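Some notes on the structure that comes next.
The analysis underlying the following values was restricted to heavy atoms, covering all of them including side chains, and did not include hydrogens, waters or symmetry mates. The shown structure was predicted, so the numbers you read here are calculated from the model rather than taken from an experiment. Naming convention: chains lettered A, B, ... in sequence-line order (proteins, then strands); numbering from 1 in each chain.
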Amino acid sequence: MLNHIWLSFSATNVIFQNVWFVAAIWMALALVASLVSIRTGISVALIEIFVGVIAGNFLHLTASNEWINFLALLGSGVLTFLAGAEIDPRSLKTNLRASLLIGVLSFAVPFGVVWLFAKFVLSWPLHQAQIAGIALSTTSVAVVYPVMIEGGFSDTAMGKMILAACFITDFGTVLALGGSLPITISGSWYS
Amino acid sequence: VIAMLITLWFMPRWTSAIINKFGATRVSEPEVKFILFILFFLGGLATTAKSEAVLPAYLVGLVVAGVFVRDKTLVHRMRSIAFAVFTPFYFIKAGLYVSLPALWPAFAVIISLLLLKMITKTVGVWPLARTHFMNRREASYTTLLMATGLTFGTISALFRISEPHHRSTAVHDPCHSCHPKRIRADADRPEIFPTDEGRDARLGSSIYLRSGHPFRGRCRRGENS
């Protein structure tokens, strides 16, 4: 009996195939990340990304399971929802001009400059350069939001203004992606 | 789009009706389930329309924000569910995409793009933030926060990978990035964005720590109060 248990434990395959062990490993990583985050004062989101980098490169952990991808998907959805829910409609109205201006410029300036840089300095093809511009012009609500809560800014006017501006920036990203994708597919991107 | 607009229009009324009718203390948590249901449903609609599920999620959050201002317990519950169960998977997975061996050959490109992003974000955000906040530190903080980009950055990057013609298996192959053409392709792969992400936002928090802001432990106190 004991021998059998030992054998099944010694085979790492078994561990990586058992859904409970996989969940345990991921939760352990998340726990370590939150402990480190409390110790260092750095946002837990960033520590988790860093832990992921280490786990991926040194422990050879992969997100091969369907359910991990699903949970990650839910994570991004719920997090974005919460970030949206932090924006008080009244303070958005009072700060609308500032948020709009910051949001639009924070999208447009990096998008234009990175696109031109990728096109002319790195001489990438047009669509790759466009995608690079779009990708680098975004602002991460998912990263900004935890940082805001940890810093205690989510209830302040400044925090709400930043979240609203992030939203406008991301809206620009979505519009740009919607605009560039059809061209990309019909164009000669992969040739 | 029409279904989404209708749902968004009625969402605040439905949510507050559910909270008022059942109270916010039931064990079966009807209000949390209701919000998750709406989120998943609209996410389904959005992905069917070839858009991203994150966008309606943000809009739903925006429309129920008024209800949430009155009912803080619901926010705290949703937050604990999200931060305990869902987001670790999201962030750790984002980290997993970073392939260090693939990173080194394209290092100069990454650094130059990161610098460019920081500079352009600063140009776009800092002067405006300065005129609106009238505080140098807050403006810098805003700029650094606005210079992060994980969610939509990865989505934009994944737009390339998710295309069926693309060899997405090459992500963890150290050799693929040695080829000059590959290095170019690497730049819009997700391995770059989480790193760039990590770097600039970590910068943000370290600046705060240095300037003596009581960053540490505030979350805990805020949550308990």
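- Heavy atoms closer than 4.5 Å to chain B are found in both the backbone and the side chain of A:A55.
- Once rounded to the nearest 0.5 Å, the distance linking OH of B:Y90 with CG of A:L71 reads 14.0 Å.
- The distance from the CG atom of A:L29 to the CG atom of B:L96 is 8.5 Å, given to the nearest 0.5 Å.
- Counting heavy-atom neighbours within 6.0 Å of B:F41 CZ, excluding the residue itself, gives a total of 12 or less.
- Using a 4.5 Å cut-off between heavy atoms, A:F70 makes no contact with chain B at all.
- In terms of heavy atoms, B:A84 sits closest to A:M27 at O-CE, 3.1 Å.
- Here CZ of B:F83 is found 9.0 Å from CD of A:E48. Values are rounded to the nearest 0.5 Å.
- Contacts between B:I81 and chain A at a heavy-atom distance below 4.5 Å are absent for every atom of the residue.
- Side-chain atoms of A:L74 and B:F40, non-hydrogen and from C-beta on, do get closer than 4.5 Å to each other.
- Taken to the nearest 0.5 Å, the CE atom of B:M78 stands 10.5 Å off from the CG atom of A:L79.
- Contacts of A:L82 with chain B are made by side-chain atoms alone, with heavy-atom separations under 4.5 Å and no backbone atom involved.
- With values rounded to the nearest 0.5 angstrom, B:I92 atom CD1 is found 11.0 Å from A:I54 atom CD1.
- Taking every heavy atom of both residues into account, A:G77 and B:A57 meet most closely at O-CB, 3.5 Å.
- In this pair, B:F89 and A:W26 present their aromatic rings parallel. The plane angle is below 30°, not in the 30 to 60° band.
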ask   = Given A:V78 and B:L36, is the side-chain contact (heavy atoms from CB on, under 4.5 Å) satisfied, shown in steps?
value = CA-CA 8 Å; A:V78 176; B:L36 288 179; 4.1 Å; yes

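- Most heavy-atom pairs under 4.5 Å with chain A, from the set B:L39, B:V64, B:V85: that is B:L39.
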